[in-house]
Each structure stands twice: as C-alpha cells, then as structure tokens.
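The block underneath contains the structure these notes are about, expressed in structure tokens.
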There are 2 protein chains.
Amino acid sequence: MLNGRTPSVKDVAASAGVSLGTVSNVMNRPEVVSARTRERVERAMTELGFVRNESARQLRAGTSRTLAYVMLDGTNPFFHDVAQGIELAAEDADLSLFICNSNSRASREEVHLDRLLQQRVQGILITPVDPAAPHLDELSRRGVPLVVVDRVRGVDNCCSVAVDDVLGGRIAVEHLAEQGHERVAFIGGPDSLGQVGERLQGAREIWSSLGRSPDDLIYLPTDAMTVADGRSAGERLAGLPARRRPTAAFCANDLLALGLLQQSIGAGLRVPDDLAIVGFDDIEFAAAAAVPLTSVRQPRQELGRAAAQLVLDEATNPDHKHSQLQFTPELVARASTVSRTRTV
Amino acid sequence: MLNGRTPSVKDVAASAGVSLGTVSNVMNRPEVVSARTRERVERAMTELGFVRNESARQLRAGTSRTLAYVMLDGTNPFFHDVAQGIELAAEDADLSLFICNSNSRASREEVHLDRLLQQRVQGILITPVDPAAPHLDELSRRGVPLVVVDRVRGVDNCCSVAVDDVLGGRIAVEHLAEQGHERVAFIGGPDSLGQVGERLQGAREIWSSLGRSPDDLIYLPTDAMTVADGRSAGERLAGLPARRRPTAAFCANDLLALGLLQQSIGAGLRVPDDLAIVGFDDIEFAAAAAVPLTSVRQPRQELGRAAAQLVLDEATNPDHKHSQLQFTPELVARASTVSRTRTV
DNA sequence: GTCGGACTTTGAAATGTTTCAGAGAACGTG
DNA sequence: CACGTTCTCTGAAACATTTCAAAGTCCGAC
C-alpha cells in the first residue's frame with residue numbers, strides 16, 4: 001500500500017479502520033474520541049511509524065509552531081545566552097526556535113528575514129545590525145510579531161527588550177571612583193552604536209556629578225568590540241604618557257575587557273593594582289578569566305525570556321500593546337577591580 | 001479582494017492577468033516565460049507584497065529547504081564554531097539551517113529530533129548525547145540523511161566527521177615531554193566519553209613509547225568538562241604531595257584548561273613555569289586567555305562544513321556511500337607551555 | 001416503543017503551492 | 001493556404017493535513 005512512502009494520515013486511517021477525520025481528532029482533540037478507537041488509532045500510528053507532516057499541518061491550520069531569533073554575532077557568547085533564554089520560553093509554549101546568525105552583516109540579516117517570512121514563523125526576535133533599517137518596518141507592516149532584543153528602535157512601533165545602558169555606565173564608573181581611581185578610560189566603539197553612546201553617557205554623567213574633570217575620563221574608541229580590539233586598545237593605553245595614563249578602564253563589553261586584560265598581563269602590568277578593568281555583559285568567560293573580571297551584568301537569559309513572552313503576546317493576544325522593557329544592570333565586583341578579593 | 005490575507009499565487013495571477021501556472025513558472029523556471037509577462041508578474045508580486053508560502057511549496061514539492069544541527073552544549077563555543085561551518089555550507093547550497101541545542105540531555109535531544117522529523121528537514125547533523133542511542137538508528141531506518149559530528153558511531157550505518165583523538169592526545173603529551181616535563185596530569189572525564197578515552201589513550205601511548213613510567217602520567221578524572229571542573233581539578237592537583245605533583249597538565253578540552261589556568265594563577269602559581277597547561281579544541285577564548293593557552297586545534301569550521309557536505313551528498317546522491325571522515329588535529333603552542341614566547 | 005439528547009464518527013472542502021500534458025498563437029516553409 | 005515547429009501559457013490534479021456540518025449510534029426516560 002505504501003511503498004517506501006512515509007505513511008500519511010490516510011494510511012493510518014486505513015490501517016485502523018477509521019476515517020481521516022478520526023485520526024486527526026486523535027491527534028488534535030483526543031477527548032472527543034472514544035478510548036477504544038483512540039487506542040486502535042494510536043497502535044496503528046506506532047506500527048506504521050507515522051510522523052505528522054508539519055508543512056501540511058501548517059498550511060491547513062494557518063499557524064506555524066516556530067519562533068525565530070536572528071542573532072547579531074555568533075562569536076559573542078552573550079547572544080547565545082540570550083538565545084538560551086528564548087529557547088526556554090519557547091519550550092514552555094511548546095514551540096520550536098529557529099536560530100539564525102547575521103554575523104553583523106545587513107545583507108545576511110535580510111536573507112534570513114526573508115526566509116523566515118516564507119516560513120511564516122509565528123514571531124521574530126532580532127538583535128538587528130541597524131535598529132533603524134527599513135526592512136524591520138516592513139516586518140511590522142506585514143503584521144509579523146517582532147521584538148527587538150538588546151537594542152531599542154527609535155519609535156514604539158514594536159516591542160523591545162534591553163538594559164538601561166546609561167545606568168550601566170554609571171554604576172561601572174561609580175565603582176571605579178569608589179576604588180579611588182582618579183583617571184579612567186572608556187573603551188568601546190564605534191560610537192554610532194546606541195549602546196556605546198549610552199554607556200559612555202552614563203559614565204560621563206556620574207563622573208561629572210562626582211565633581212571630576214571631564215579630562216580625566218578618556219574615551220578610547222575602537223572599531224568593533226572584539227578581543228582583538230581590546231588588545232589594541234591596551235597598546236594605545238600603554239602608549240599614553242604616564243601622567244595622563246588612566247589607572248582604570250571601563251570596557252563597553254567583556255570581549256574588549258578580556259582582550260585588554262590579556263594585553264596588560266602580557267605587558268607585565270598587575271591587574272588591578274596597575275590597571276583595574278571593568279567589563280560589560282558578564283558573560284561566563286568573564287568570571288573564568290585568569291583575573292576574574294568585574295563586569296556590569298545583564299540578565300542575559302531573562303532578556304531572552306522576556307522577549308519571547310512579548311512576541312508570543314503579540315502573536316496571540318488581539319489587544320497587544322507594544323512595550324519597551326528595560327532591565328536594570330547590576331555590578332558584579334571581582335578581582336579585576338578589587339585587590340585581594342577572591343570572589344568568583 | 002484579499003482582505004487582510006497575505007496574498008497568494010492566485011492573487012498575483014489575477015492581478016497580473018495570467019494563470020496560476022505562469023506565476024509559478026516565473027518563480028521556478030523564469031526562462032520558459034516571455035520577458036513581457038515575466039515583468040508583469042514580477043510587478044504584481046512586488047505591488048501585492050507577495051511572499052511564497054514555504055509550507056505549501058514543501059508540501060507539494062516534497063522537498064524541504066532546511067538542514068538541522070542538534071548541538072550538544074550551547075555553553076561551549078566549540079559547537080558554535082562547528083555550527084558556523086555548517087551554516088556556511090548551507091548558505092552555499094541555498095538552504096536554511098535550523099540550530100537546536102540538546103544541552104546534553106537525551107530527552108531534549110529526542111524532542112528536537114522528533115520535531116525535525118515532522119518538519120521533514122532535508123538532513124540532520126548531530127553531536128549526540130550518546131552516539132549509541134537507539135533513536136539515532138531510528139533516523140537512519142527512516143532514511144533521513146544523518147551525519148554525526150565530533151563523535152563516531154560504532155558501526156558504519158551513517159556518516160561521521162571527527163578528529164583523530166588518539167593522535168590529539170599523542171601530540172599534546174609529546175609537546176609537554178619535549179618541554180622537559182617528567183610528570184604530567186591528564187584531566188578530563190567522564191571517561192565513558194569516547195573522546196576522553198581516546199585522548200587519554202594517545203597520551204599513554206606516546207608516554208610509554210618515550211620510555212616514561214605510567215606512574216608519571218596521572219589521570220585526574222572530572223565529572224564533566226566545564227570551567228568549574230577545571231578549577232576543582234586544579235585544587236586537587238594542588239593537594240597532591242609535592243613529590244608526586246605534575247609540572248604539566250593536559251586537559252581534555254579548553255574549558256577545563258581555562259578553569260585550571262584561573263585556579264592556578266589565583267593560587268599564585270606561575271604558568272608555565274610552575275605548571276604548564278595544554279587544552280584541546282583551540283576555541284577563540286584559548287588564545288584570548290591572560291596566559292594564551294596552548295591547545296590541540298580541531299578544524300572546527302571545517303568539521304562543520306565537511307559534515308554538511310556529507311549530509312547533502314546523502315540527501316541528493318542516489319549512490320551515496322557512508323564515510324567516516326577523520327581530520328588531523330594540530331598543536332598550537334602558546335605561552336601556557338612555552339616560557340617567554342608571545343605567540344598569540 | 002418512541003423520543004430527546006449525548007456522545008462518536010464521517011466525508012468533503014479548503015489551505016497555497018508545483019507539475020505536466022496539452023491548448024493556442026505566431027510564423028516561416030513548401 | 002495547410003503544415004510543422006517553436007514558443008507561451010493554461011487548467012486541473014496532487015500534496016497531507018484540519019475543520020465542521022451532518023449523520024449515526026446508543027441509552028435512559030417517559
């Protein structure tokens with residue numbers, strides 16, 4: 001009857017001696033079918049090794065069972081933690097999660113979005129290359145539930161989930177000031193990145209509100225936020241005349257901080273005595289560094305989980321209101337700023 | 001005409017004044033339709049904002065346009081690099097890649113596989129929790145193209161891609177011996193993991209072939225292969241009586257090595273002078289460590305790329321033969337074993 | 001007995017594509 | 001002007017599900 005073909009509902013129905021509709025009922029509302037037939041159908045299903053064809057289901061039912069996350073940079077563990085949070089929420093809602101990676105390339109991002117549209121996914125979470133990109137508006141216009149993660153869009157035409165970056169900058173620099181540092185570097189870039197700008201802004205705010213001179217908060221811009229950029233920032237730092245050289249650095253993410261840490265130790269500096277370092281994100285590897293890294297923690301999994309919940313609300317709740325969630329970052333002090341502490 | 005509905009081929013056809021079939025032809029074999037109509041149809045498509053419904057396409061065409069990778073442990077960057085390699089190959093073949101994460105839980109793995117089956121993905125790549133699990137046989141029996149990545153299955157009923165772990169163990173320990181170490185620790189576990197066993201075996205082989213006593217190669221088993229396990233191994237190492245204490249450690253992966261490095265430096269040891277450390281995998285963070293880590297490099301992206309090619313071959317080539325690809329690992333010497341070297 | 005209701009099951013329609021045999025049109029050739 | 005070719009286009013069938021109105025069955029109450 002079925003020669004090699006993978007068995008369909010029809011085959012199951014035939015084998016169990018019932019109609020198509022009944023088999024479908026067994027799968028979708030088992031309570032309406034009598035125990036006797038249900039059993040018979042279930043036996044037939046396992047005997048034939050039946051596996052529901054999700055394409056057909058989706059085509060007819062009109063609703064897909066997957067969410068998607070387009071992450072920005074696969075080499076930064078931060079985004080994997082966010083993805084993990086999304087996955088947990090998706091699992092709770094019994095959905096699959098499609099993870100894509102734009103690798104910071106707008107063109108790649110567009111290709112992914114296009115495919116996801118074709119797939120008719122139930123909702124899209126994204127950390128966009130450029131939050132202002134028109135193809136994101138396009139999505140909203142089409143009515144695809146959309147949540148921007150770890151970024152914010154100018155307008156409130158979609159949900160977003162992020163952390164208060166200004167506050168993050170404040171607490172990082174406040175911590176350094178408390179440790180007695182009088183000259184601090186801010187390392188990060190490009191400053192076209194909203195977050196970099198905001199973290200720097202927070203740093204400057206608290207710095208001046210502590211009565212320090214703006215000249216003592218030195219901005220060392222970087223091209224990107226990788227470990228390599230951190231290393232080269234370290235070299236630039238070392239090249240500064242001793243009088244102007246900061247005794248502490250606040251890096252806009254942990255990758256930079258890790259690079260700076262490596263470069264500094266390699267150059268024979270003691271951390272934190274010669275140079276204190278604060279990172280941002282608090283990825284796993286921050287705590288695992290040779291000198292455990294002080295970092296501004298983002299609730300990474302929570303970010304993802306909350307974003308998933310928003311996208312689900314938009315997908316299922318007819319009177320959904322867009323909202324911009326903002327989490328509060330938190331300083332985790334470790335040995336890279338606090339001498340003789342062994343917090344891990 | 002279409003009230004709120006997303007437009008279908010039928011709508012495009014109506015709007016362009018052609019038949020369904022012609023619209024389909026424009027999408028799938030543009031060469032058979034005249035330039036004039038093609039243009040007209042294309043205009044209609046953009047005007048209506050038509051997006052092909054992939055479910056319907058797949059249902060009718062019988063073939064899906066996605067591959068899937070079920071990764072073992074999302075917290076280990078190694079697997080993300082593998083995934084990246086797969087993604088590149090998928091991109092070349094114009095396929096989407098579905099990334100799942102079993103988090104080392106067999107139950108989670110099964111859920112994912114089940115969904116992928118329902119999705120009728122074109123092929124599955126997997127780093128399984130247990131390469132001998134019966135649900136993997138199940139897949140082969142169903143005829144789903146399957147490739148096991150970074151593991152090998154006992155029998156040759158499916159393709160696999162891995163690295164020569166015995167050789168990896170040999171070159172790591174050979175390197176340490178060359179550096180003059182007389183007592184070496186092997187850190188890793190559980191040894192039920194095939195790879196751990198093989199790396200240990202390689203270590204032992206070369207050690208004895210160099211005429212050293214088996215007593216001087218100390219096996220420190222761990223519960224898992226995380227940074228935390230590396231730290232606790234470091235504590236156990238420190239607890240050994242000075243006479244028996246190794247001067248070098250070979251860790252079965254980089255996470256362990258990073259943990260060991262952190263613990264050692266925190267305890268005031270100098271690396272490599274007091275303790276030399278070799279890792280395995282050569283993840284990005286190995287090179288980024290405060291003391292850059294010597295590691296046995298696996299060609300991570302290549303692994304993924306090769307696996308993807310195998311799965312595609314199985315999916316498309318009717319006389320596909322299963323093969324077990326084995327890559328050759330390579331030692332990357334850095335400062336954690338070689339004093340006053342600044343290789344990064 | 002018959003009726004009404006509760007509980008099951010059925011069969012056909014619908015979903016949005018692709019495919020393919022064949023219908024039409026256009027045109028040069030004999 | 002009939003014919004064969006070549007180039008385009010069409011229309012219906014097929015894919016595997018879900019849904020839902022309607023048909024059946026059973027059972028206790030009157």
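For the numbers below, each heavy atom of this structure counts, side chains included, while hydrogens, waters and symmetry mates do not. Here the structure is a predicted model, which is why all the values come from computation and not from measurement. Below, read A as the first sequence line, B as the second, and so on, with proteins coming before strands; counting in each chain starts at 1.
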Query raised in the report: How do B:Ser19 and B:Ala61 order along DNA chain D: which one's closest nucleotide is nearer the 5' end?
Result: B:Ser19
Report task. Please state how far atom CG in B:Leu59 lies from atom C1' in D:dC15, giving the value in whole angstrom units. Result -> 4 Å
Query raised in the report: Across the strands shown, which category fits A:Ser24 at heavy-atom distances under 4.0 angstrom: base, sugar-phosphate, nothing?
Result: base
Report task. For A:Ser55, answer base if it contacts any base atom (sugar-phosphate contacts may also be present), sugar-phosphate if it contacts only those atoms, and nothing otherwise; contact means non-hydrogen atoms under 4.0 Å. Result -> nothing
Query raised in the report: Base, sugar-phosphate alone, or nothing: which one does A:Val51 contact when heavy atoms must sit under 4.0 Å apart?
Result: sugar-phosphate
Query raised in the report: What nucleotide, of D:dC15, D:dC9, D:dT17, holds the atom closest to the side chain of A:Phe50?
Result: D:dT17
Query raised in the report: Between B:Arg60 (CZ) and D:dA14 (C1'), how many Å, whole number?
Result: 5 Å
Query - Where chain A begins and ends its contact with DNA chain C, read 5' to 3' at 4.0 Å from heavy atoms - result: C:dT8 to C:dG16
**Report entry** Residue-level proximity of residues 111-122 of chain A to DNA chain D when a heavy atom falls under 4.0 Å
**Finding:** none
Query raised in the report: Across the strands shown, which category fits A:Thr22 at heavy-atom distances under 4.0 angstrom: base, sugar-phosphate, nothing?
Result: base
Report task. Answer with base, sugar-phosphate or nothing: what part of the nucleic acid does B:Arg29 contact at a heavy-atom distance below 4.0 Å? Result -> sugar-phosphate
Report task. Scan side-chain atoms only and decide if B:Asn28 and B:Arg57 contain a donor-acceptor pair under the 3.5 Å cut-off. Result -> no
Report task. Kindly say if B:Ser34 contacts the phosphate of D:dC9, meaning a side-chain N or O under 4.0 Å from OP1 or OP2. Result -> yes
Requested in this report: Report the distance from atom CE of A:Met27 to atom C1' of D:dT18, rounded to the nearest whole Å.
Outcome: 9 Å
Query raised in the report: If you find the nucleotide of DNA chain C closest to A:Arg38 and the one closest to B:Asn25, which residue's nucleotide is nearer the 5' end?
Result: A:Arg38
Query raised in the report: Between B:Arg36 (CZ) and D:dC7 (P), how many Å, whole number?
Result: 19 Å
